[in-house]
Amino acid sequence: MRHAGVAALDAIEPLLGRIRALGVLKEKSRGCFYFKARGFVHFHEDPAGIFADLRSEGRADDRLPVDAAGEAEILRRVAALKEGA
């Protein structure tokens, strides 16, 4: 699975915009968001679709499909960072 390319990032631009609008994460490069000094979410693509890798405490990153349910979970986790900050 490779990091999402330009076309894949273009396809999920509405989600990227919603992540940016929350104002919690710093986007160091397009589609790669950091919380404080640690990577928090970035995107991959493969023939099965586009996936998000989200940082999880104490275990491997969680990989979620970028679909309606996945997008809701991504935004929920980012918003939770804002509430906890």
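Of the inter-residue distances, the one linking I12 atom CD1 with I19 atom CD1 reads 7.0 Å to the nearest 0.5 angstrom. Taken from CG in D61 to NE2 in H42, the straight-line distance is 6.5 Å, to the nearest 0.5 Å. A distance of 9.5 Å separates CD1 in I50 from CG in L15, rounded to the nearest 0.5 Å. In this structure, the separation between CG on L25 and CZ on R38 is 13.5 Å, given to the nearest 0.5 Å. A distance of 6.5 Å separates CZ in R20 from CZ in R30, rounded to the nearest 0.5 Å.
Two residues are said to be in side-chain contact when any heavy atoms from C-beta on lie closer than 4.5 Å; D62 and E73 fail this criterion. Side-chain contact check for L54 versus F40: some heavy-atom pair is nearer than 4.5 Å. Put simply, the side chain of H3 does not reach to within 4.5 Å of the side chain of D53, judged on heavy atoms.
Checked by atom type and distance alone, the side chain of K28 never pairs as donor or acceptor with a backbone atom of Y34 at under 3.5 Å. Side chain of E45 to backbone of G5: a donor-acceptor contact under 3.5 angstrom is found.
Of all the heavy atoms in V41 and A52, the pair that sits closest is CG2-CB, 4.1 Å. Across all their heavy atoms, P14 and A11 have their closest contact at CD-O, 4.1 Å. For L64 against G70, the heavy-atom pair with the smallest separation is CD1-O, 4.2 Å. In plain terms, the two heavy atoms of V78 and V24 that are nearest each other are O-CG2, 3.9 Å. Of all the heavy atoms in L75 and R18, the pair that sits closest is CD1-NE, 3.7 Å.
Under the 30°/60° scheme for interplanar angles, the aromatic rings of F33 and F43 are found to stand perpendicular.
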